[in-house]
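I have placed the structure first, in the form of structure tokens, so that the comments after it can refer back to it.
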Amino acid sequence: MEPVERALETRLSPYKYKQLPTVRSCRLIRLKRKLHRRTKAVVVELVEADIDHPPIYNALSYAWDSPQPNSFVICSGCAIPVTINCQEALKKLRKCDSGQLLFVDAICINQSSTEEKNHQVAAMGDIYTNAQKVICWIGNISHSLVEWESRLNHFIFRKIDSLGRWMNPLSHFFWAHSCALFLSRDRRGSPK
């Protein structure tokens, strides 16, 4: 079932984005600690920010598990489509980061506006550079170490390829090295 259909089934209207005031503006989310009582979806608040003078925020980088959104988050009582992997990452983050500002591309960028997507993609370098930290989420892993390593490598190189437009070669190395640091093993050979 499509996320919009699921939202309608639960009597939630699709979220209507307000136009950003300038091309150097972006949106950030504030995670709410509690899930939506009827749908058990993550609840967020959208906040506008100036890309050149932003507040303190973190950015979420995650693997899109599906080309089409298959879940949703709740904002102002309305539904915003996201992938299940994004929803799962936000569910984990809300427990420790609720109240903090976070950049999540699928939510912070109006995905139905080509003009806004073009402006925001052009500013991605600044958005990620200005983040206090970038949180890398590859999904809930309950598989073998080999599959875990494979998913991590796929995620790293897909992100590097997609970010290559604005990252210099040293940044490629740093980003891949930083992500690889997540890979550590305990005595049984499982990821920690």
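Below, each value reflects all heavy atoms present in this structure, side chains not excepted, and no hydrogens, waters or symmetry copies.
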Could you go step by step and tell me if Lys117 and Gln111 meet the side-chain contact (heavy atoms from CB on, under 4.5 Å) rule?
CA-CA 7 Å; Lys117 283 194 291 188; Gln111 299 298 316; 3.7 Å; yes
Evaluate side-chain contact (heavy atoms from CB on, under 4.5 Å) for Cys108 paired with Ile29, printing each intermediate quantity in order.
CA-CA 7 Å; Cys108 296; Ile29 64 168; 3.8 Å; yes
Assess the side chains of Asn85 and Thr83: does a donor N or O sit below 3.5 Å from an acceptor N or O?
no
Under 3.5 Å side-chain donor-acceptor pair for Tyr62 and Asp105
yes
Verify side-chain contact (heavy atoms from CB on, under 4.5 Å) between Val44 and Ile74, making sure each step is shown before the conclusion.
CA-CA 6 Å; Val44 302; Ile74 307 294; over 6 Å; no
For this output row, return yes or no: ring centroids of Phe103 and Tyr128 closer than 6.0 angstrom.
yes
Looking at CD1 of Ile109 and NE2 of His119, how far apart are the two atoms once the value is rounded to the nearest 0.5 Å?
12.0 Å
Could you pull out the closest heavy-atom pair between Ile51 and Ser25, with the gap in Å?
CD1-O, 3.6 Å
Got a second to check how far Leu93's CG is from Glu88's CD, nearest 0.5 Å?
11.5 Å
Straight-line distance of His36 NE2 to Cys75 SG, nearest 0.5 Å:
11.5 Å
What distance do Tyr57 atom OH and Gln132 atom CD have between them, rounded to the nearest 0.5 Å?
10.5 Å
Should Leu46 and Ile80 count as side-chain neighbours, where that means a heavy-atom distance under 4.5 Å?
yes
When hydrophobic residues are tied together by side-chain contacts of less than 4.5 Å, even through go-betweens, does Leu20 share a cluster with Tyr17?
no
Minimum side-chain heavy-atom gap Ile135-Leu102 below 4.5 Å
yes
Taking the side chain as every heavy atom from C-beta outward, state whether Ile127 and Cys26 have any atom pair closer than 4.5 Å.
yes
Of all heavy-atom pairs between Leu60 and Ala89, which one has the smallest distance, and what is that distance?
CD2-CB, 3.9 Å
Is the shortest side-chain heavy-atom distance between Leu31 and Val42 below 4.5 Å?
yes
Residue list, side-chain contact (heavy atoms from CB on, under 4.5 Å) with Asp52, at least two apart or on another chain
Arg24, Asp50
Nearest 0.5 angstrom please: Arg27 CZ to Ile107 CD1, how far?
11.5 Å
Is the shortest side-chain heavy-atom distance between Val104 and Leu90 below 4.5 Å?
yes
So, Arg94 side chain and Lys32 main chain: donor-acceptor pair closer than 3.5 Å or not?
no
Spacing of CG belonging to Asn110 relative to CD belonging to Gln120, to within rounding of 0.5 Å:
10.0 Å
Test log, rule side-chain contact (heavy atoms from CB on, under 4.5 Å), inputs Trp137 and Lys92
CA-CA 10 Å; Trp137 175 266; Lys92 295 283 186 192; 3.5 Å; yes
